[in-house]
Amino acid sequence: MAAMATKFIALVLSMSSLSTGFILPGAQLSTKPVVPSHCWNMMLTSGAVDNSCTNLMEAAPMSSSLASSYAIRIYPSNNIEGECNELKWALHSLSHWEQSNQGEGTLALRALSDCAQLDGRADAVCTLTCQWTQSDLADPSLVHSNADACCWSINVAAVEEDEIVPRELVCVLSRIMVQSVATSQIASKVREKETLLRITLPLLEGEGCQQMLLSDLFPTDERGLPNNSGVRHLFTPLNSQHANMEIVDMVNQQGRVLGSLPRPYIHTWNILHRGIGMIVSKDVDIFKAFKSGKTPEVYVHQRTSTKRIFPSLFDMFVGGVSSSGEDAQWTAAREVAEELGLKRALDALENKQEDQRINPLSEELFQCTVCTSYNRCVVSMFTYTCDTALESITWQEEEVAWGDYVPYDIVTLAGEMSIDRLVEKGVWPGSGCHNEESVNDANDAQQESTIEELKNKYGNNNQPWDTWDFVPDGLLVWEAWESFLRREGYNDDPIAEGQLKAKQTKDVDLVARTIADDRRS
């Protein structure tokens, strides 16, 4: 019943990887080029940057993240000399932010936005405390070189209140805290010294001590090659099989990396992590098509009925999770090559062809935070232009039942109708809003009229697109994409403008981050 004007956007568009400011929908967005940073080396992933290590807890003294049914408030503590020697992660139950008429995604996003501003340990169900001190190097044989080596002790302890937090979750988060402290606080103090870490951590039963070199906790070695040995060592006592799986990053509300962990834990505990989303257009750059007044065609596919998650649902995006230390653009190039067989972007990056006229993959456009009951991800958004004279889409039959290029206006309306059906069923992860019934009727009438116009224009082509049900995560990203286009001036449709004004009147927190695309300037 309700059209897109009747939904809140269960997403967060972020303004800058270094900014914590909140703005409401419709406020002016920054177009200053920014890229995500990682707490491992505190350097931006491109551009002229300072190579020195930046202290994450000085740059962002309070932040937040999400895991399981908890919002996590992250804040440091100083000793009497004013030095930071303690990091606290306070877990707050998401029920603290519950309101009527909102989905689980909107609930999590509200908590993510508000949690960093809570005072002290107010209402925390569990507080993890990580302390670190320099200690004697009792066994010099544990380091490669005795000269100018040092040792630091790190201890993590958990204090629970009334609610019992799952022990495995406590163990997982403790190991993320260790990485955050080691690669920011301790690394900034020891500089080039070889450093041994003596770490005391919670185990599934009791606690244990592990030792490793500080350098093993960075995602790349001195040659720039992937290195996850320290992370795997940290998690082996919890599950030796998980420790051998892909390593991915947990992030805070700004998309900054807190630490890394085996991928199964991301899904088990619904931990906030990094990923990408991408729209693939046919032959013409999607922004050039918009500028010329043409309707671009974008790739849509249907998942097979045998998929464990969302069988038979449709999606208008290519998506995937970033591996630990992997730049978002590399993730996008890898995913489109793996999922659709489109390899020109990956070839361009591997051959260091930075000219966007050669690389069909855009630069990062914006980031949005998408939350559902099963997935929480800071998504970096890209576009890909498939030149059908040079390459063609191929997919794995066990993954995709159908796929084709679809006119953009059909995808827009099909997505809108899919959201309507989720709202009516009460399973939309975003948040509905209460509009006058007459407004709903007017929107429904306009929608029916548009359906007929598009069917007359394109025909059904044996695809009943007005009944397509899309993956909810993709629909949340689609709303972020549509919002980005409006703010960049690409969507001048009067109906869409009306929907935007309706959204602007709603009390929804929106953090904004936009990355300018050089091709559109």
(request) Answer yes or no: is there a donor N or O on one side and an acceptor on the other, between the side chain of Ser113 and the main chain of Leu109, under 3.5 Å? (result) yes
(request) Please report the closest heavy-atom contact between Cys371 and Pro429, naming both atoms and the distance. (result) O-CB, 4.2 Å
(request) Would you confirm whether Ser305, through its side chain, and Pro311, through its main-chain N or O, come within 3.5 Å as a donor-acceptor pair? (result) no
(message) Once rounded to the nearest 0.5 Å, what's the spacing between atom CZ of Phe382 and atom CZ of Phe366?
(response) 10.5 Å
(message) The criterion is side-chain hydrogen bond (donor to acceptor under 3.5 Å, both in side chains); which residues satisfy it with Asp315, sequence neighbours excluded?
(response) none
(request) Mark yes or no for whether Arg303, through its side chain, and Val471, through its backbone, hold a donor-acceptor pair below 3.5 Å. (result) no
(message) Within the 4.5 Å heavy-atom criterion, are Ser63 and Ile74 side-chain neighbours or not?
(response) yes
(request) Apply the test side-chain contact (heavy atoms from CB on, under 4.5 Å) to residues Val284 and Thr385: give CA-CA distance (whole Å), side-chain angles for both, the deciding distance (0.1 Å), then the verdict. (result) CA-CA 6 Å; Val284 180; Thr385 305; 5.7 Å; no
(request) Please name the pair of heavy atoms, one in Ala328 and one in Ile276, separated by the smallest distance, quoted to 0.1 Å. (result) O-CG2, 3.5 Å
(message) For the backbone of Thr383 and the side chain of Ser362, can you confirm whether one donor and one acceptor N or O come within less than 3.5 Å of each other?
(response) yes
(request) Check whether any side-chain heavy atom of Val257 sits under 4.5 Å from a side-chain heavy atom of Arg274, and report yes or no. (result) yes
(request) Write down the atom of Leu349, the atom of Ala333, and the distance for their closest heavy-atom approach. (result) CD1-CB, 3.6 Å
(message) Checking Asn252 against Ser65: is there a side-chain donor and acceptor pair closer than 3.5 Å?
(response) no
(request) Taking side-chain hydrogen bond (donor to acceptor under 3.5 Å, both in side chains) as the test, write out the residues that go with Asp469, two or more places apart. (result) Arg421
(request) Enter the distance from Ile419:CD1 to Leu476:CG here, rounded to the nearest 0.5 Å. (result) 7.5 Å
(request) Using the test ring-ring contact (aromatic ring centres under 6.0 Å, His included), find all partners of Tyr265 that sit at least two apart in sequence or belong to another chain. (result) Phe235, His242
(message) Before you tell me yes or no, could you show the steps for Val165 and Leu173 under side-chain contact (heavy atoms from CB on, under 4.5 Å), namely the whole-Å CA-CA distance, both residues' side-chain angles and the distance that decides it to 0.1 Å?
(response) CA-CA 11 Å; Val165 177; Leu173 296 180; over 6 Å; no
(message) Quick check: do Met381 and Ile279 have side-chain heavy atoms less than 4.5 Å from each other?
(response) yes
(message) To the closest 0.5 Å, what do you measure between CD1 (Ile266) and CG (Leu261)?
(response) 4.5 Å
(message) So, using side chain to side chain contact (heavy atoms under 4.5 Å, CB included) as the criterion, who are the partners of Ser95 when residues are at least two apart?
(response) Ser93, Glu98
(message) How long is the straight-line distance from CG of Leu342 back to OG of Ser392, given to the nearest 0.5 Å?
(response) 8.0 Å
(request) Go through the structure and list residues passing side chain to side chain contact (heavy atoms under 4.5 Å, CB included) with Ala71, not counting sequence neighbours. (result) Leu66, Leu94, Trp97, Ala111, Cys115
(request) Determine whether the aromatic ring centres of Phe310 and Tyr374 lie less than 6.0 Å apart. (result) yes
(message) With a 3.5 Å distance limit and no angle check, can you tell me whether Gln179 reaches the backbone of Ser260 through a side-chain donor-acceptor pair?
(response) yes
(message) Is the shortest side-chain heavy-atom distance between Ser380 and Glu364 below 4.5 Å?
(response) yes
(message) Would Trp478 and Phe317 count as a side-chain contact (heavy atoms from CB on, under 4.5 Å) here? Give the steps.
(response) CA-CA 9 Å; Trp478 180 260; Phe317 292 107; 3.8 Å; yes
(request) Calculate, to the nearest 0.5 Å, the distance between atoms CD1 and OG belonging to Ile247 and Ser323 respectively. (result) 9.5 Å
(request) Compare every heavy atom of Gly325 with every heavy atom of Asp249, then report the nearest pair and how far apart it is. (result) OD2-N, 3.3 Å
(request) Answer yes when Arg334 and Glu326 have at least one side-chain N-carboxylate O distance shorter than 4.0 Å, and no when they do not. (result) yes
(request) Check side chain to side chain contact (heavy atoms under 4.5 Å, CB included) between Arg263 and all other residues, then give those that pass, not counting sequence neighbours. (result) Glu246, Val248, His267, Val321
(request) Could you tell me which non-hydrogen atom of Tyr384 sits nearest to which non-hydrogen atom of Lys343, and how far apart they are? (result) OH-N, 4.2 Å
(message) Do Val251 and Leu258 make a side-chain contact, defined as non-hydrogen atoms from C-beta onward lying under 4.5 Å apart?
(response) no
(request) Go through the steps for Asp466 and Met417 under the test side-chain contact (heavy atoms from CB on, under 4.5 Å), then give the verdict. (result) CA-CA 7 Å; Asp466 52 328; Met417 298 175 71; 3.9 Å; yes
(request) Could you tell me which residues satisfy side-chain hydrogen bond (donor to acceptor under 3.5 Å, both in side chains) with Asn375, sequence neighbours excluded, listed by chain and number? (result) Asp473
(request) Check side chain to side chain contact (heavy atoms under 4.5 Å, CB included) between Cys171 and all other residues, then give those that pass, not counting sequence neighbours. (result) Arg167, Arg175, Pro202, Leu204, Leu238
(message) Which residues pass the side-chain hydrogen bond (donor to acceptor under 3.5 Å, both in side chains) test with Ser322, not counting sequence neighbours?
(response) Thr331
(request) Compare every heavy atom of Ala116 with every heavy atom of Arg73, then report the nearest pair and how far apart it is. (result) NE-O, 3.6 Å
(message) By the salt bridge (Lys or Arg N to Asp or Glu O under 4.0 Å) test, which pairs, at least two apart or in different chains, include something from residues 380-395?
(response) Arg344-Glu391
(message) Return the CG to CG distance between Asn359 and Leu346, rounded to the nearest 0.5 Å.
(response) 9.5 Å
(message) Donor-acceptor check, side chain of Gln302 to backbone of Ser312, threshold 3.5 angstrom: yes or no?
(response) yes
(message) Strictly distance-based, threshold 3.5 Å: is any side-chain N or O of Glu104 a donor or acceptor partner for the main-chain N or O of Thr372?
(response) no
(message) Strictly distance-based, threshold 3.5 Å: is any side-chain N or O of Arg376 a donor or acceptor partner for the main-chain N or O of Ser68?
(response) yes
(request) State, with a plain yes or no, whether a side-chain heavy atom of Glu335 is found less than 4.5 Å away from one of Glu339. (result) yes
(request) Would you please name every residue forming a ring-ring contact (aromatic ring centres under 6.0 Å, His included) with Phe314, sequence neighbours left out? (result) Trp468
(message) Give me each pair satisfying side-chain hydrogen bond (donor to acceptor under 3.5 Å, both in side chains) with a member in residues 398-410, each pair once, sequence neighbours excluded.
(response) Lys307-Glu399, Tyr408-Trp481, Tyr408-Glu482, Asp409-Tyr458
(request) Mark yes or no for whether Ser292, through its side chain, and Lys288, through its backbone, hold a donor-acceptor pair below 3.5 Å. (result) yes
